[in-house]
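Structure first, commentary second.
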Amino acid sequence: MAIIAETAPPAGALTNAADERVDHAFICDYVSNGAKVLDVGCEDGTLLSRLLKERAVDGRGIEISQRRVNECVARGLFVVQGDADADLKNYPDDAFDYVILSQTIQATKKPKEVVSELLRIGRKAIVSFPNFGHWRVRFSLLFTGRMPVTRTLPEPWYETQNIHFCTIRDFVMMVEELGAHVEAEAAFSSRGRRLEAVENLTLTNMFASQAVFVLCR
Amino acid sequence: MSVARISEKGKSRVVDAMIEGGGRSIEFGPDRPLRLDSGADLSPLTIAYQTYGRLNEARSNAVLICHALTGDQHAANTHPATGKPGWWDIMIGPGKPIDTDRFFVICSNVIGGCMGSTGPSSENPATGEPYALDLPVITVRDMVRAQAMLVDELGIETLFCVAGGSMGGMQVLQWAASYPQRVFSALPIATAAKHSAQNIAFHEVGRQAVMADPDWCGGNYLNEEQSPKKGLAVARMAAHITYLSETALHRKFGRNLQDRETLTFGFDADFQIESYLRYQGMTFVDRFDANSYLYLTRAMDYFDLVSDYDGNLANAFMGTETRFCLVSFTSDWLFPTEANRDIVHALNAAGAHVSFVEVETDRGHDAFLLDEPELFDTVRGFLTAAAKARGI
């Protein structure tokens, strides 16, 4: 275990040099002022608080961990305990301007259905996820023959909550199958730098450690 | 009784006065009857209530506390009958989650109750005798209408928050559905949008226990100078079990024996749990009216906000601007998490602002009355954020 942890290189930190979640920064830039937003898997409410402060959004959250829900409520956020697989169906069509799934899709049981639900209840869906197509992941699998264990994904395969990893190419193909459109996308290096030329999928899929997609119907 | 204030509204006469044992009482004269769901009018109408803290100048900081089945208006003061602290003393007070340094807290005895508000032991103006079973059946919506009359009379247009657990939570939901403009935030705890078959069943057991007591006298025990204490105590014992959980009972009592080394081979209270329940039953009858117990359990049985809104609870809250926070407890089997979550789903469907917290505890339904830090943190966080939004 220890050997793997040391030798397996990180697929990328979620944060940039300023210790800021790069996907959060992108989402905050993207979301329009005063929008109605649902953050699915909102953790302790960091992104929601930021959107509230910077974008004055009408924000709600869903979070699976009761402890974190309580933290959110104590922060004055509107968050309900629930999970993406089970609870999205209770929301009506077009209930939100943006539905955000930030670093959560890989932990859902049925990612394709979840994204489809996001696009039903939100006019736009914003999905960020770690890219399993990153060259270090490929390298690690090729040379150690084992599932990568990284800084941001520290659990071994048998303990991880993350059950549905995908590459950027996989995600793009799923979006096509859903008949949805990519309105915007951003890819980030393992140092949290935004990659240019994201239209070259092969390169992006090789060098991005995480990606953010804005989808619409 | 000293009359403190008499106001004239239209033709009606309203008397607001201090009452013995603490608190106040407001009486609505014959010109201001309460039209009940049953179609009957209730008049005169008396509402006994308590307040804590001060109403601010903008009249924007009032919190209405709705009590549960066997609660009363003495939420945060020493109870005049038992001498014990108020039933939510732990939650309401200076610096507490419902902070009386900040909020003006009102708690009224529900109609149908027995602590000063009009109920089955009140005088029936038609006969000069206690109503007993001649009191029309009361519903949760009737209770809320009566509270709205009180709130009107106190000169409060919008309540900053309506809060309560169990039957109190039902009233909160009814307030939010009936008067969405008057409820800035709502805090229903350990409750349901409709009473379940299992809960109706338990209530029926309690009512049958009361009615099976010969001293109940067909409901006329006050005239007969009797008191169906045994029946009411049994009702309370059965109900009390439903407020706890198997784990909590096991933890507190197990199979421990009460003041004895061995079984007595008789029907004394050998076990601590028996002794505890007998005590709960005995002390309850000293402070509660048997007919009130019938009326209030009936009110809960009849509560069905879902059918009131054509089978779709979301209709009850469509377009609401009220901020909601719901709380349930993992070991509550009377108002389980699922029943609370159904309300959350309806609120989501209605596009409402809602938070939902499930508190992990083994203390069952009663947890909402107990020292549960997570509950306090939730209430404090929710109210603090709401107060900021309300500008208080």
Side-chain angles (χ1 to χ4, degrees), chain A residues 34-46 48-53 56-100 117-118 120-123, chain B residues 97 161 185-189 312-315 317-331 336-338 340-361 372-390:
Chain A
K36 205 166 172 187
V37 174
L38 176 68
D39 186 359
V40 181
C42 65
E43 302 189 316
D44 64 357
T46 303
L48 271 179
S49 300
R50 183 165 170 185
L51 285 168
L52 198 68
K53 200 169 131 212
V57 298
D58 178 1
R60 327 282 166 90
I62 298 178
E63 168 55 41
I64 201 164
S65 148
Q66 191 53 61
R67 186 177 49 78
R68 285 173 165 169
V69 173
N70 297 7
E71 285 168 18
C72 288
V73 176
R75 290 170 86 156
L77 301 169
F78 290 102
V79 174
V80 300
Q81 201 237 343
D83 77 88
D85 286 298
D87 292 310
L88 294 178
K89 65 175 189 298
N90 299 298
Y91 292 85
D93 297 355
D94 290 325
F96 297 94
D97 298 317
Y98 301 91
V99 183
I100 296 165
E117 280 292 87
L118 301 183
R120 180 184 65 78
I121 65 180
R123 275 174 273 281
Chain B
C161 183
S185 66
L187 189 49
I189 302 171
N312 186 353
L313 186 59
N315 291 339
F317 306 114
M318 213 51 87
T320 186
E321 285 178 21
T322 304
R323 305 159 67 101
F324 288 85
C325 179
L326 283 92
V327 184
S328 73
F329 301 95
T330 49
S331 54
T337 287
E338 272 320 301
N340 292 276
R341 202 188 284 278
D342 284 346
I343 302 166
V344 174
H345 288 160
L347 287 164
N348 283 335
H353 287 90
V354 55
S355 286
F356 169 57
V357 170
E358 183 189 30
V359 175
E360 174 115 24
T361 173
E372 288 288 347
E374 263 189 291
L375 170 65
F376 297 155
D377 289 349
T378 301
V379 172
R380 195 186 292 275
F382 175 68
L383 289 182
T384 303
K388 198 174 156 201
R390 180 97 170 123

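Every chain is numbered from 1 and lettered A, B, ... according to where its sequence line falls, protein lines coming before strand lines. The analysis underlying the following values was restricted to heavy atoms, covering all of them including side chains, and did not include hydrogens, waters or symmetry mates.
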Practice task
State whether the side chain of S355(B) and the backbone N or O of V79(A) hold a donor-acceptor pair below 3.5 Å, judged by distance alone.
Solution key: yes
Problem - N348(B) versus chain A, the contacting section by heavy-atom distance below 4.5 Å - result: both
Practice task
Name the region of T378(B), side chain, backbone, both or neither, that has any atom closer than 4.5 Å to a heavy atom of chain A.
Solution key: both
Exercise for the section: Report yes if the side chains of I121(A) and L38(A) come closer than 4.5 Å at any heavy-atom pair, otherwise no. Expected result: yes
Fill in the blank from the handout: Looking only at heavy atoms, the pair that brings D83(A) and D85(A) closest together is OD1-N, 3.0 Å
Practice task
Find the one option among E374(B), K388(B), R323(B), R380(B) whose heavy-atom pairs under 4.5 Å with chain A are most numerous.
Solution key: R323(B)
Problem - Sub-4.5 Å side-chain heavy-atom contact between C161(B) and L383(B) - result: yes
Fill in the blank from the handout: Correct closest heavy-atom pair for G41(A) and E63(A) would be C-OE1, 3.6 Å
Problem - F329(B) side chain near I189(B) side chain, heavy-atom distance below 4.5 Å - result: yes
Handout entry: Heavy-atom check, side chain of V357(B) versus side chain of Q66(A), under 4.5 Å
Key = yes
Handout entry: For chain A, the option from A346(B), A385(B), A349(B), A389(B) that forms the most heavy-atom pairs under 4.5 Å
Key = A349(B)
Handout entry: F324(B) and V80(A), any side-chain heavy atoms less than 4.5 Å apart
Key = no
Exercise for the section: Answer with side chain, backbone, both or neither: which region of A387(B) has an atom nearer than 4.5 Å to a non-hydrogen atom of chain A? Expected result: neither
Problem - Check: R60(A) side chain, A352(B) main-chain N or O, donor-acceptor pair, under 3.5 Å - result: yes
Problem - Heavy-atom check, side chain of F382(B) versus side chain of P97(B), under 4.5 Å - result: no
Practice task
Could you tell me whether the side chain of D87(A) reaches within less than 4.5 Å of the side chain of V344(B), counting heavy atoms only?
Solution key: no
Practice task
Taking the side chain as every heavy atom from C-beta outward, state whether T361(B) and L375(B) have any pair of such atoms under 4.5 Å apart.
Solution key: no
Practice task
Could you please state which residues from residues 70-77 of chain A sit under 4.5 angstrom from chain B, measuring non-hydrogen atom to non-hydrogen atom, sorted by number, or 'none'?
Solution key: N70(A), V73(A), A74(A), G76(A), L77(A)
Problem - Contact listing (chain B partner; residues 89-100 of chain A; heavy atom under 4.5 Å) - result: N90(A), Y91(A), P92(A)
